2 protein chains.
Amino acid sequence: MSAQTDWLSLLHKAGCRVTAPRGAVITAIQQATRPLGIYELHSLAREQYPYLGLVTVYRTVEKLIELNLVQRIHQPDGQHTYLPVANPNQHMLLCQGCGHVAFFEGDISSLAESISRKTGYQLDLSLVQFLGLCADCLHQTKE
Amino acid sequence: MSAQTDWLSLLHKAGCRVTAPRGAVITAIQQATRPLGIYELHSLAREQYPYLGLVTVYRTVEKLIELNLVQRIHQPDGQHTYLPVANPNQHMLLCQGCGHVAFFEGDISSLAESISRKTGYQLDLSLVQFLGLCADCLHQTKE
DNA sequence: GTAACTGCAAACGCTTTGCACCAAG
DNA sequence: CTTGGTGCAAAGCGTTTGCAGTTAC
């Protein structure tokens, strides 16, 4: 999706400073193919900026969430993981058993509209997450 | 939905003991019209069983989740709240801005089937949660 | 009687905060 | 130069664990 430079200039436009520690965190999270925990992000980003502190990872991720570039995922075990926001037609499927994540590509705008009409809730399509159970966990539960 | 006695007998059938502290927690959570936090549950249940310890609330809720009677909701601020599981056609809409919860009544089995076909994920319809933003929070974000 | 449950206190782990120093603009 | 960002250490807070006493069955 967006290149690192995009995120950095977005940061800049938002009135934030562009620093090496932030660049390292951004690089790390943009490479993510699955939701990464804070410690994973920390050690990944340290490959690029070794003196990076854990607190800076928290603060940078917070900023990126504010800017709608990153979303936080609550894993079933209570841990938080982070992932770049998907495009509007790509929806996350979060397994509440094992925390595994898959993506579902499909247009759900009609469903979203129906929900909005009935409840007043406006789904932000790039933020919608479907929670359920992956095939493995479903079998374990219903044994 | 289910009366308290049902839950107690389900507990019993699952090999757990039926105790006064658990009864108090169950009463409290069954009365919930919105997701309740641990401390809310604790003080509510204490009206029925004053010596109730916080740890017992945690442990009872955990048991009820195992038995698929209660589900845990991750609020945007990181707090956990708890709610009896809804029926298969009633789906939760969780606002990721303020944590407010609404319900959407509708049959999404065809969407669930489509998702299952494409990804292998099997949505448990009584566990599906739609995450997004309520009208208020959407306006705040997009100002 | 025995195994599960309870409550307390302490431990635990993730996250936030205070503060002095540093660097972007 | 000024303000925001950084790293460290400590505090904070929700949650879990160890343990001795208690209770369901």
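Proteins get letters first, then strands, A, B, ... in listed order; numbering begins at 1 in each. What you see below is based on every heavy atom in this structure, not just the backbone, and it leaves out hydrogens, waters and symmetry mates. From a predicted model like this one, the values you see are computed outputs, not experimental measurements.
- As a whole-Å value, the separation of B:L36 CG from D:dG14 P is 16 Å.
- In this structure, B:L41 atom CG and D:dT15 atom P are separated by 11 Å, rounded to whole Å.
- With sequence neighbours excluded, the residues that form a side chain to side chain contact (heavy atoms under 4.5 Å, CB included) with B:Q122 are A:L138, B:S116.
- Clustering of Ile, Leu, Val, Met, Phe, Trp and Tyr side chains at separations under 4.5 Å leaves B:V55 isolated, with no partner residue.
- Comparing A:C16 and B:Y51 against DNA chain C, the residue whose closest nucleotide sits nearer the 5' end is B:Y51.
- Sorted by first and then second residue, the salt bridge (Lys or Arg N to Asp or Glu O under 4.0 Å) pairs with a member in residues 93-112 of chain A form an empty list; sequence neighbours excluded.
- Residues A:H74 and A:H80 form a side-chain contact, since some pair of their non-hydrogen atoms from C-beta on lies under 4.5 Å apart.
- Between the P atom of C:dG7 and the CZ atom of B:R22 lies a distance of 11 Å, rounded to the nearest Å.
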Below 3.5 Å between N/O atoms, which protein atoms pair up with nucleotides 19-24 of chain D? Just atom names and distances, please.
residue, atom, partner, partner atom, Å
D:dA24, N3, B:R17, NH1, 3.2

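- Here B:F104 is tied into one hydrophobic group with A:L93, A:F104, A:I108, A:L111, A:I115, A:Y121, A:L123, A:L125, A:V128, A:F130, B:L93, B:I108, B:L111, B:I115, B:Y121, B:L123, B:L125, B:V128, B:F130, each link being a pair of ILVMFWY side chains closer than 4.5 Å.
- Listed by chain and residue number, B:A20, B:P21, B:A24, B:Y51, B:L52 satisfy the side chain to side chain contact (heavy atoms under 4.5 Å, CB included) test with B:Y49 (two or more places apart in sequence, or in another chain).
- Each end of the helix from C:dG1-D:dC25 to C:dG25-D:dC1 gets its own rotation axis from five pairs of C1' atoms, and the angle between them is 40° to the nearest 10 degrees.
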Between protein and nucleic acid, restricted to nucleotides 14-16 of chain C and to nitrogen or oxygen atoms under 3.5 Å apart, what atom pairs and distances do you find?
residue, atom, partner, partner atom, Å
C:dC14, OP2, A:Y39, OH, 3.1
C:dT15, OP1, A:H80, ND1, 3.1
C:dT15, OP2, A:Y58, OH, 2.4
C:dT15, O5', A:Y58, OH, 3.1

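- Rounded to an integer number of Å, the gap from B:Q75 CD to D:dC13 P is 19 Å.
- Atom NE2 in B:H42 sits roughly 18 Å away from atom P in D:dC13 (whole-Å rounding).
- Residues in residues 68-77 of chain A take part in these salt bridge (Lys or Arg N to Asp or Glu O under 4.0 Å) pairs, two or more places apart or across chains: A:E62-A:R72.
- Scored by the side chain to side chain contact (heavy atoms under 4.5 Å, CB included) test, A:L67 finds A:L11, A:A14, A:L69 as partners (sequence neighbours excluded).
- Atom CG in A:L52 sits about 18 Å away from atom P in C:dC22, given to the nearest Å.
- Looking at residues two or more places apart in sequence or on another chain, you find a side chain to side chain contact (heavy atoms under 4.5 Å, CB included) between B:R34 and B:L36, B:E40.
- Between the side chain of B:H91 and the backbone N or O of B:G106 there is at least one donor-acceptor pair closer than 3.5 Å.
- The nearest whole Å value for the distance from the CG atom in A:L8 to the C1' atom in C:dG25 is 15 Å.
- Nucleotides of DNA chain D nearest to A:Y49 and A:G15 differ in position, and the one nearer the 5' end is that of A:G15.
- By the side chain to side chain donor-acceptor pair (under 3.5 Å) test, A:S126 pairs with A:D124, sequence neighbours left out.
- Counting to the nearest Å, the C1' atom of D:dT6 and the NZ atom of A:K63 are 13 Å from each other.
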